[in-house]
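Structure first, then comments.
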Amino acid sequence: MYKIIAGAAVLLALAFTARQPLPKGSLERGKKVYATNCLACHQADGSGVPNLNPTLAKTPQVTGDRQKLINIILKGLDEEIEINGESFSNPMPSQAHLSDQEIADVLTYVRNSFGNKGTAVSAAMVTTERKKM
Ligand code: HEC
């Protein structure tokens, strides 16, 4: 009997981790933040502009480590990077004027748009990274 209950608990836990629902409203809010603060450079479909602004579709920066991603938004980026065999060296300005919640929403949005599928970014994670600056 105990084994059955334990097994059911494990299955339930697995089902919950697999689903990982995004925070309510984050995609809608993030889309608005994106339209005002990122779209001009990275384009509505996240495809970027050849040789100027890199794509946000399935890049290691967008889909990978969330701490590093948050820091790109807080500090901007000014280094030679290569994405899909194309190199970029145009600087991206810091977006630190955005609130922690706005950064969380816009990153949750880009991590779940343009063919990306990722976990959410929370405002608390952004607060932690901003304190280190
Ligand atoms: C003025 C144009 C501009 C704006 C505005 C801008 N970016 Fe960028 N972004 C760039 C450039 C240029 C790079 C490449 C920087 C480099 O090579 O060092 C970049 C790089 C990135 C990267 C890492 C590389 C990649 O493509 O995955 C991410 C992630 C990113 N931007 C997200 C955003 C988000 C989210 C916003 C809005 C909050 C934003 N950017 C606003 C121009 C911009």
Side-chain angles (χ1 to χ4, degrees):
M1 184 62 189
Y2 170 74
K3 269 189 186 157
I4 292 169
I5 293 171
V10 167
L11 278 181
L12 210 66
L14 281 176
F16 272 113
T17 4
R19 266 220 262 107
Q20 279 186 1
L22 300 172
K24 210 166 179 278
S26 59
L27 292 182
E28 291 78 9
R29 292 193 305 269
K31 189 174 183 171
K32 288 191 190 134
V33 178
Y34 184 85
T36 321
N37 300 279
C38 324
L39 184 148
C41 294
H42 291 286
Q43 305 301 298
D45 62 355
S47 61
V49 178
N51 302 311
L52 279 180
N53 309 314
T55 178
L56 300 179
K58 299 184 176 162
T59 71
Q61 288 87 343
V62 170
T63 57
D65 184 73
R66 286 177 287 180
Q67 277 187 355
K68 285 188 195 151
L69 180 59
I70 291 167
N71 277 284
I72 292 178
I73 306 307
L74 287 173
K75 297 175 184 159
L77 196 66
D78 191 3
E79 53 189 54
E80 178 101 24
I81 56 168
E82 199 181 294
I83 289 178
N84 301 334
E86 211 185 325
S87 76
F88 297 87
S89 52
N90 213 28
M92 166 169 155
S94 155
Q95 306 292 314
H97 60 277
L98 297 172
S99 71
D100 292 353
Q101 187 63 55
E102 286 172 324
I103 292 176
D105 289 337
V106 79
L107 290 181
T108 300
Y109 171 73
V110 299
R111 282 167 61 82
N112 290 281
S113 303
F114 325 132
N116 302 329
K117 195 123 196 67
T119 46
V121 172
S122 71
M125 292 174 78
V126 181
T127 308
T128 305
E129 294 310 306
R130 203 192 285 269
K131 276 190 191 140
K132 293 183 199 162
M133 286 173 75

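Counting starts at 1 for both ligands and their atoms, following the listed order.
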Considering [options] one by one, which has a heavy atom nearer to [atom] than any of the others?
atom: atom 9 (N) of ligand 1; options: Met92, Arg111, Glu82; answer: Met92
atom: atom 18 (O) of ligand 1; options: Gln61, Glu79, Glu102; answer: Glu79
atom: atom 24 (C) of ligand 1; options: Asn84, Ile83, Asn90, Val49; answer: Ile83

List the atom of [X], the atom of [Y], and the distance in Å for their closest heavy-atom pair.
X: Ile81; Y: Leu77; result: CD1-CD2, 4.1 Å
X: Pro54; Y: Ile83; result: CB-CD1, 3.7 Å
X: Asn37; Y: His97; result: OD1-NE2, 3.4 Å
X: Leu98; Y: Arg130; result: O-NH2, 2.7 Å
X: Ser122; Y: Ala104; result: C-CB, 3.5 Å

May I ask you to check if ligand 1 and [X] share an N or O to N or O distance below 3.5 Å?
X: Asn53; result: no
X: Thr55; result: yes
X: Leu107; result: no
X: Thr59; result: yes

Side chains of [X] and [Y] in contact at under 4.5 Å (non-hydrogen atoms):
X: Leu69; Y: Arg111; result: yes
X: Asn116; Y: Lys58; result: yes
X: Ile72; Y: Gln95; result: no
X: Glu129; Y: Gln67; result: yes

What protein heavy atom sits nearest [atom], and how far off is it?
atom: atom 38 (C) of ligand 1; value: Cys38 SG, 2.7 Å
atom: atom 5 (C) of ligand 1; value: Asn37 O, 3.2 Å
atom: atom 22 (C) of ligand 1; value: Ile72 CG2, 4.0 Å
atom: atom 28 (C) of ligand 1; value: Leu56 CD2, 3.6 Å
atom: atom 13 (C) of ligand 1; value: Pro54 CD, 3.4 Å

For ligand 1, the portion of [X] having any non-hydrogen atom under 4.0 Å away:
X: Pro93; answer: side chain
X: Ile73; answer: side chain
X: His42; answer: side chain
X: Ile103; answer: neither

Is there an N/O/S atom in Cys41 at a distance below 2.8 Å from atom 8 (Fe) of ligand 1?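 Here the distance criterion (N, O or S atom, under 2.8 Å) is not met by Cys41, so no.
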Has Gln95 got an N, O or S atom lying less than 2.8 Å from atom 8 (Fe) of ligand 1?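 False for Gln95.
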Is it true that Phe114 and Val49 fall in one hydrophobic cluster, defined by side-chain heavy atoms closer than 4.5 Å?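 Different hydrophobic clusters.
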Any chain of hydrophobic side-chain contacts (each under 4.5 Å) joining Leu56 to Leu52?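 Not linked; separate clusters.
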Show me which atoms of ligand 1 lie under 4.0 Å from any heavy atom of [X].
X: Leu69; value: 29 (C)
X: Asp78; value: 18 (O)
X: Phe88; value: 17 (O)
X: Val62; value: 27 (O), 29 (C)
X: Leu52; value: 12 (C)

Take a 6.0 Å sphere around CG of Asp65 and say whether it holds more than 12 heavy atoms from other residues, nucleotides or ligands.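 Enclosed: over 12 neighbouring heavy atoms sit under 6.0 Å from CG of Asp65.
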Might you confirm whether atom NZ of Lys132 has over 12 heavy atoms from other residues, nucleotides or ligands at distances under 6.0 Å?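 Counting other residues, nucleotides and ligands, NZ of Lys132 exceeds 12 neighbours.
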Does one side chain, of Asp105 or Gln101, offer a donor that lies under 3.5 Å from an acceptor on the other?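 Checked: Asp105/Gln101 side chains pair up, N/O donor to acceptor below 3.5 Å.
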